[in-house]
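Okay, structure first, notes after.
Treat the numbers as computed from the prediction; the structure is a model and nothing was measured.
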Amino acid sequence: MVTPLRGEPAPLGATPGPDGVNFSVWAGASREVELLLYERADDDAPRRVIALQPHRHRSYHYWHLFVPGLRAGQIYAWRTRGAPGGGDGCGRDGDKVLLDPYGRAMVRPAGYSREAARRPGRNDAVACKSVVVDTRRYDWEGDAPLRRPYAQTVIYEMHVGGFTRHPSSGLAPQRRGTYGGVVDKIPYLRELGITAVELLPVFAFDEQDAPQGLTNYWGYAPMSFFVPHGGYSQCGGGAGVLDEFRDMVKALHRAGIEVILDVVYNHTAEGDERGPTFSWRGLDNDTYYILEGEGRHANYSGTGNTLAANQSVVRRMIIDSLHYWVREMHVDGFRFDLAAILARDEQGRPLARPPVLFDIETDPVLAGTKLIAEAWDAAGLYQVGHFPGESWKEWNGQFRDDVRAFVRGDSGLVRRMADRLMGSPDLYGARPREPAQSINFVTSHDGFTLNDLVSYNTKHNEANGEDNRDGTGHHLSWNCGAEGPSTDIEVERLRGRQIRNLLAINILSLGTPMLLMGDEARRTQRGNNNAYCQDNETSWFDWSLVQRHADIHRFVRGLIKLRGLRESVRDAHPLTLAELMSLAQVQLHGVQLARPDLAHDSHSLAITAASLSGDLRMHFALNAWWEPLAFQLPALPAEEVSGWRRVIDTARPAPHDLVDPRHGEPVEGATHTVAERSVVVLFAAVRPTAAMAGPLSGI
């Protein structure tokens with residue numbers, strides 16, 4: 001048996017070379033460290049155990065060695081003993097199999113058990129293990145991140161598994177719910193007009209972190225920050241998962257679609273002090289997590305633990321992880337789950353200049369990648385509009401709430417709605433931010449789908465096994481007169497109109513629009529607004545809905561094309577929000593010109609704006625009142641030869657709800673009546689053939 005060599009502390013993880021593999025891991029709380037080598041994922045004992053010697057294999061708190069003769073494909077894990085003081089609450093018994101925090105691949109045994117990682121004793125046969133891989137062995141064929149400007153971006157929030165797992169997807173069984181299944185559906189995404197997919201977590205996660213008998217579907221339970229989830233792979237684990245993920249990225253890039261990852265750097269699947277030990281807890285519980293008295297885990301994430309993101313070792317791990325996904329996996333950007341947690345120090349206190357956030361935005365490797373913050377956390381830190389740093393874009397929760405409430409018919413919202421339509425200058429106007437600063441969305445994975453937002457007054461989460469206590473109660477929904485599915489023609493007509501209202505506002509407002517997977521086809525979760533544990537037809541995309549609700553699908557396609565027609569988003573103008581508002585000659589109105597009605601009981605608003613080229617003028621009229629309203633129309637200069645043409649009217653049936661601007665119905669007179677609970681958009685062009693030309697066929 002070949003004697004292991006000293007090895008090197010850098011790089012961290014398992015690095016294969018021509019003569020063997022170098023292993024390095026941070027284990028600051030450990031006095032004994034062992035490298036475990038396995039033949040198979042379900043071995044009940046390692047084939048070889050190598051005990052590292054502190055005087056030979058330790059540099060500061062980095063434990064390292066070089067094992068000659070090992071190759072890529074070797075299954076391995078770590079084992080540690082001897083937490084100083086033994087009172088950190090981690091329950092370390094010295095027997096647990098530990099994943100490499102920097103491992104690039106993982107295998108999961110058929111009998112994997114989260115419970116075995118929680119209770120004392122050996123768990124070799126049922127524990128996940130790391131795999132040595134050579135990440136350089138992949139032909140990218142010249143691929144690189146796309147670097148598409150935000151001004152040209154339409155985001156589609158999507159679950160890799162749920163996108164194609166439903167039998168109606170039309171894919172072969174082995175392709176359903178996989179990275180390859182996403183590739184097969186790229187033509188659908190292109191036809192819809194999507195320019196970026198935002199993938200719910202694809203870091204390897206613990207599917208058993210859910211109520212008994214259910215599955216963690218969303219994936220917000222990371223077991224690694226470097227390994228792509230094997231459950232979305234046809235091979236199921238090991239190095240092949242990396243190639244399947246990279247094949248997907250490469251195919252999406254060829255189609256002009258960016259890949260944004262929803263990343264979870266705020267907590268792990270290890271839970272609180274009573275939870276399982278997978279990796280970080282066993283290596284250095286005190287370093288990786290924010291702890292309270294007597295070893296208790298701080299819970300700013302709402303999931304049991306909180307990573308100490310601004311601790312130097314953890315901060316380096318986060319940066320190294322981001323580098324890996326950009327350099328080796330070619331992703332285009334990241335949406336940071338509960339990003340406000342990354343603004344907390346090692347005691348959980350908010351920082352004015354959080355080191356990890358400024359490390360991320362000033363990092364040259366990450367320059368040009370999309371950085372999107374969910375600017376709040378589960379402990380009440382809400383930073384929408386003032387998230388630290390300059391390059392971060394933000395999920396605009398205020399946009400979601402104000403648009404929902406206004407369209408529902410709530411009072412006192414006209415002033416705020418004007419801000420939401422104009423890129424939220426009340427939130428972002430104080431600093432020189434671009435118009436795309438606001439990530440505009442009405443629905444996301446967390447909450448009702450768009451169909452359910454207009455179909456349910458209350459949540460219906462009984463299937464989650466928590467007596468309907470889980471999930472937010474602040475959803476600002478309205479069922480339009482009947483709870484759940486309805487055969488009432490008038491109820492369904494109103495729901496369709498409200499869906500169109502919400503979509504039109506979301507996609508055409510200034511900012512970067514984000515759509516939830518399946519909203520374009522009225523996907524329903526039957527009133528479940530917290531389907532994190534529903535890996536079944538509750539959450540999957542039923543592809544038969546695309547044909548059943550072809551009118552909504554067509555409407556979304558048309559909205560995205562109209563958005564692309566606007567000069568302000570056709571090119572990447574280096575303008576701040578304030579500059580754009582000035583150049584676009586934005587004017588606010590009520591039913592009377594230049595007199596917006598900001599009274600508490602007002603439910604109407606109109607906006608006129610011009611494209612930056614001056615070729616196109618647009619007039620938006622919103623009527624959330626329950627009776628028709630006559631809106632005065634702005635007079636047009638004589639050179640605007642087209643006159644006003646009605647392009648969108650959400651009160652009209654398809655296909656008249658959205659038409660090609662070149663063929664829009666002329667609007668005569670000084671006023672135009674907008675039906676109750678509807679949105680109307682008018683276009684006028686100086687040079688119609690130039691301003692309204694574009695790829696509009698199919699609307």
* To do: Before giving the answer on side-chain contact (heavy atoms from CB on, under 4.5 Å), spell out for Phe441 and Ile155 the whole-Å C-alpha distance, their side-chain angles and the decisive distance to 0.1 Å.
  => CA-CA 10 Å; Phe441 68 104; Ile155 299 172; over 6 Å; no

- request: Measure from the side-chain N and O atoms of Lys185 to the backbone N and O of Phe163, and report whether any donor-acceptor pair falls under 3.5 Å.
  value: no

Practice item. Check whether any side-chain heavy atom of Asp426 lies under 4.5 Å from a side-chain heavy atom of Gln398, and answer yes or no. Key: no

**SB check Arg652 Glu665 (cutoff 4.0 Å)** = yes

- So, do Thr650 and Leu503 sit near enough that their side-chain heavy atoms are less than 4.5 Å apart? no

So ring-ring contact (aromatic ring centres under 6.0 Å, His included) across residues 592-612, not counting sequence neighbours, yields His603-Trp625, His603-Trp626

So, Asn266 side chain and Ser301 main chain: donor-acceptor pair closer than 3.5 Å or not?
no

With sequence neighbours left out, the residues meeting salt bridge (Lys or Arg N to Asp or Glu O under 4.0 Å) with Asp410 are Arg408

One should read off an interatomic distance between Phe387 CZ and Ile372 CD1, to the nearest 0.5 angstrom, of 12.0 Å

Q. Does Leu338 reach the side chain of Tyr300, with side-chain heavy atoms less than 4.5 Å apart?
A. no

query = Are any of the side-chain heavy atoms of Leu261 and Val202 separated by less than 4.5 Å?
reply = yes

CG of Asn530 to CG of Asp446, rounded to nearest 0.5 Å, is 6.5 Å

Hey, are the side chains of Leu562 and Leu658 touching, using non-hydrogen atoms and a 4.5 Å cut-off? yes

Looking at Arg353 and Phe358, would you say the former's side chain and the latter's main chain have a donor-acceptor pair under 3.5 Å? no

| Sidechain-backbone polar pair: Asn396 side chain, Asn440 backbone, donor-acceptor under 3.5 Å | no

Heavy-atom distance under 4.5 Å between the side chains of Val356 and Asn310, does that happen here?
yes

Practice problem: Decide whether a cation-pi geometry holds between Lys370 and Tyr150; the criteria are a distance under 6.0 Å from NZ or CZ to the six-membered ring centre and an angle within 45° of the ring axis. | Solution: yes

| query | Checking Ser602 side chain against Asp597 main chain: does a donor-acceptor pair fall under 3.5 Å? | reply | yes

Has Tyr265 got a side-chain atom pairing as donor or acceptor with Arg315's backbone, closer than 3.5 angstrom?
no

Original post:
Does the Ser678 side chain pair with the main chain of Val674, one donor and one acceptor, at a distance under 3.5 Å?
Top reply: no

Open item on the list: Can you classify the ring geometry of Trp392 versus Phe336 as parallel (below 30°), tilted (30 to 60°) or perpendicular (above 60°)?
Closed with: perpendicular

Does some side-chain heavy atom of Arg646 sit less than 4.5 Å from a side-chain heavy atom of His656? no

To the nearest 0.5 Å, atom CG of Leu342 lies from atom CG of Leu351 at 11.0 Å

Distance col, row Ile507:CD1 vs Ile505:CD1, nearest 0.5 angstrom, shows 11.0 Å

The reported gap from CZ in Arg404 to CD in Gln498 (rounded to nearest 0.5 angstrom) is 13.0 Å

- Message: Students often mix this up, so state it plainly: with edges at 30° and 60°, are the rings of His619 and His589 parallel, tilted or perpendicular?
- Response: tilted

* Any chance the side chains of Asp452 and Thr524 put a donor and an acceptor closer than 3.5 Å? -> yes

Below 30° counts as parallel, above 60° as perpendicular, anything between as tilted: where do the rings of Trp218 and His445 land?
perpendicular

* Check: Glu520 and Leu515 side chains under 4.5 Å, non-hydrogen atoms -> no

Got a donor-acceptor contact below 3.5 angstrom from the Glu157 side chain to the Ser444 backbone? no

Check: Does the Arg645 side chain pair with the main chain of His663, one donor and one acceptor, at a distance under 3.5 Å?
Finding: no

Separation between CD1 (Ile439) and CZ (Arg400), nearest 0.5 Å, reads 14.0 Å

| said: Could you check whether Arg335 pairs with Asp337 (Lys NZ or Arg NE/NH1/NH2 to Asp/Glu carboxylate O, under 4.0 Å)? | reply: yes

TODO: State whether the side chain of Gln525 and the backbone N or O of Ala531 hold a donor-acceptor pair below 3.5 Å, judged by distance alone.
DONE: no

